[in-house]
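This report refers to the structure that appears directly beneath it.
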Protein chains: 2
Amino acid sequence: MNVAFTTGEMKAQSNDPASVAVRERIREAILHGEYAPAQRLIEADLCEHFGASRFLVRTALQDLAAQGLIEFQRNKGARVRAVSLGEAVEITEVRMLLEGFVAARAAERVTEDEAAALRQISRDMRTAVESGELTHYSALNVRLHALLREMAAHRISAELLEQLRALTIRHQFTLSLVPGRSAVSLPQHEAIVAAVAAGDAEAAEDAMRAHLQSVIDALSLRAHAAAVPAV
Amino acid sequence: MNVAFTTGEMKAQSNDPASVAVRERIREAILHGEYAPAQRLIEADLCEHFGASRFLVRTALQDLAAQGLIEFQRNKGARVRAVSLGEAVEITEVRMLLEGFVAARAAERVTEDEAAALRQISRDMRTAVESGELTHYSALNVRLHALLREMAAHRISAELLEQLRALTIRHQFTLSLVPGRSAVSLPQHEAIVAAVAAGDAEAAEDAMRAHLQSVIDALSLRAHAAAVPAV
DNA sequence: CCCTGGGAGATTGTCAACAAAATTGTTTCG
DNA sequence: CGAAACAATTTTGTTGACAATCTCCCAGGG
């Protein structure tokens, strides 16, 4: 995989207004599931759909391939990359390391304002879960992790994490729909917030690792369930 | 940076014989220091030098930009990316996490043959250091880490590590020339080999982390030395 | 009926020429 | 003499067309 980044990758890819716009639009489309995994991305179709020249579409596809979101096959063009459950587990294992590191660093550098913001997210999360607003809960989840990355002030790990997260977004989504999943993850998030806000780096790392380990377990469970399909 | 991979990235970039050849040749040239950091890479020059069309050179440059090896500036073309010492430290911090994980996994899965191969590399390293063959020692170092990655059988971390390592290769090189550096790193490598060969995952992770922490310390020292230039 | 082969259409890979922007060099004016 | 404006060159960004390859459909023979 070529890990890449929400929009601020490793500061590498071309940043023309035109080029970047097309790339981000295609990227968002893939991340929002408008193109199914393994689906072919026909350049001409994309040109028409996004009103861009084939040149721009092509460079955008090349960037996205570098981010690992799509794959190229010689003379067969681009397909959206289908991340297997096994790969998703591997990615989450790496995320466990990096996010744990980020959480610890965030705990070391937390300010009063940041602690307050974290606690606010934590409260909002509980409210969202209790009222069954799963998509809002998911958005808060993204915000929590983003805030921690920002607090850690560690560009490399932040960029890698954004890239890795994008690759597993589909699995994250299906996981979030599993009944009772939010009930499991909510206390984990609350533990992370408590540790970081308290400035306890070791506890923060442990809590974050426990959280992602639980994600890995859930993924592995699904991998097993897929082998023996539901009734 | 957009982390990428020796040649097998996240399985993303185009793999045409022609395109990949140009990309790898330019990549090797940059890694071998034939182009200085911040140096402009003129497309026409590269075309002539590598005997390729501008189209191929351009796609190659785009791939390398995605790997973080070069940077694009709108209407100003490509420059080889200058990785600051601060960035090198961040990258090595992430490597510490990933390589530690890889070492632990390698220890869990080590076979008899692999243990023997590791010990052989360890012996060769000592011989190389004692006879002052620094470049051979460096090559063995690369082989050791590559073997560990292979043993760990963890694609994602392997690919990320290759990408990260490429970005810091220049710093690694200057570091290896510091007098007495090999005397410091040799016992660390021996400790890693011993732990992995013995199948002790925890010790392997600790040894690897200690090794890379020492690299970070050496880098930070240089960062400080650079602020107060040598006499 | 099935399998093989060929051909038409679709799709991507590549190239060469053109346009836009930046860089460099030169001239002119204060 | 220095600085700003202008012109020439270099370099990159973009476009459209062409060639190579793949895909799909259909016909013919076994």
Side-chain angles (χ1 to χ4, degrees), chain A residues 2 9 11-27 29-30 34-82, chain B residues 2 7 9 11-27 29-30 34-67 69-82:
Chain A
N2 262 1
E9 300 69 329
K11 209 66 180 300
Q13 310 192 344
S14 75
N15 41 7
D16 322 339
S19 168
V20 76
V22 178
R23 187 197 337 150
E24 290 314 306
R25 286 183 63 188
I26 300 180
R27 181 186 161 91
I30 295 175
E34 294 173 33
Y35 298 103
Q39 178 176 342
R40 271 190 75 182
L41 297 174
I42 312 287
E43 296 180 2
D45 295 352
L46 298 175
C47 290
E48 190 179 6
H49 190 282
F50 293 103
S53 71
R54 205 178 137 215
F55 176 80
L56 291 177
V57 167
R58 192 166 245 277
T59 62
L61 289 179
Q62 222 175 327
D63 285 353
L64 294 173
Q67 297 182 11
L69 242 55
I70 66 180
E71 275 178 338
F72 268 100
Q73 282 181 300
R74 164 83 183 189
N75 286 329
K76 296 177 84 176
R79 308 182 92 86
V80 353
R81 168 118 177 265
Chain B
N2 264 359
T7 154
E9 300 67 328
K11 209 62 181 305
Q13 312 193 341
S14 74
N15 41 8
D16 323 338
S19 168
V20 76
V22 178
R23 182 191 346 143
E24 289 313 306
R25 285 182 65 189
I26 299 179
R27 181 185 161 92
I30 294 175
E34 294 173 33
Y35 299 103
Q39 177 176 343
R40 270 189 74 181
L41 296 175
I42 313 287
E43 295 179 3
D45 294 353
L46 298 176
C47 291
E48 190 179 6
H49 190 284
F50 294 103
S53 72
R54 212 180 130 214
F55 175 81
L56 292 177
V57 167
R58 191 167 248 276
T59 62
L61 289 180
Q62 221 175 328
D63 285 352
L64 294 174
Q67 297 183 10
L69 243 54
I70 65 181
E71 276 177 338
F72 268 99
Q73 281 182 298
R74 165 83 186 188
N75 286 329
K76 295 177 83 176
R79 308 180 91 87
V80 349
R81 167 115 180 269

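We use all heavy atoms of the structure for the numbers below, so side chains are in, but hydrogens, waters and symmetry mates are not. Reminder, nothing fancy here: chain letters follow the sequence lines and each chain counts from 1.
- Atoms CD1 and CG, on A:I30 and A:L69 in that order, are 5.0 Å from each other to the nearest 0.5 Å.
- B:I26 CD1 to B:Y35 OH: the interatomic distance, rounded to the nearest 0.5 Å, is 7.0 Å.
- Within the 4.0 angstrom heavy-atom criterion, no nucleotide atom of any strand lies near A:L61.
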Could you pull out all donor-acceptor pairs under 3.5 Å where a side-chain atom in residues 41-48 of chain A meets a protein atom, sequence neighbours excluded?
residue, atom, partner, partner atom, Å
A:E43, OE1, A:R54, NE, 2.6
A:E43, OE1, A:R54, NH2, 3.2
A:E43, OE2, A:R58, NH2, 3.4

Produce the list of close N/O pairs, under 3.5 Å, pairing protein atoms with atoms of nucleotides 20-24 of chain C; give distances to one decimal.
residue, atom, partner, partner atom, Å
C:dA21, O3', B:N75, ND2, 3.3
C:dT23, OP1, B:K76, NZ, 3.3

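- A donor-acceptor pair is defined here as one N or O able to donate and one able to accept, closer than 3.5 Å; such a pair exists between the side chain of B:R79 and the backbone of B:A38.
- Remark: P of C:dT11 and CZ of A:R58 are 14 Å apart, rounded to the nearest angstrom.
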Intermediate values then yes/no, side chain to side chain contact (heavy atoms under 4.5 Å, CB included), B:V57 and B:F50: CA-CA 9 Å; B:V57 167; B:F50 294 103; 5.6 Å; no
Distances under 3.5 Å between nitrogen or oxygen atoms of protein and nucleotides 15-18 of chain C:
residue, atom, partner, partner atom, Å
C:dC15, OP2, B:S53, OG, 2.4

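- One finds the CD1 atom of A:I70 at 9.5 Å from the CD atom of A:Q62 (value rounded to the nearest 0.5 Å).
- Within residues 42-51 of chain A, the residues that have a heavy atom under 4.0 Å from DNA chain C are, in order of number, A:I42, A:E43.
- Across all non-hydrogen atoms, the minimal contact from A:P37 to A:V80 is CA-CG2, 3.3 Å.
- Of all non-hydrogen atoms in A:G68 and A:R81, the two that sit nearest each other are O-NH1, 3.2 Å.
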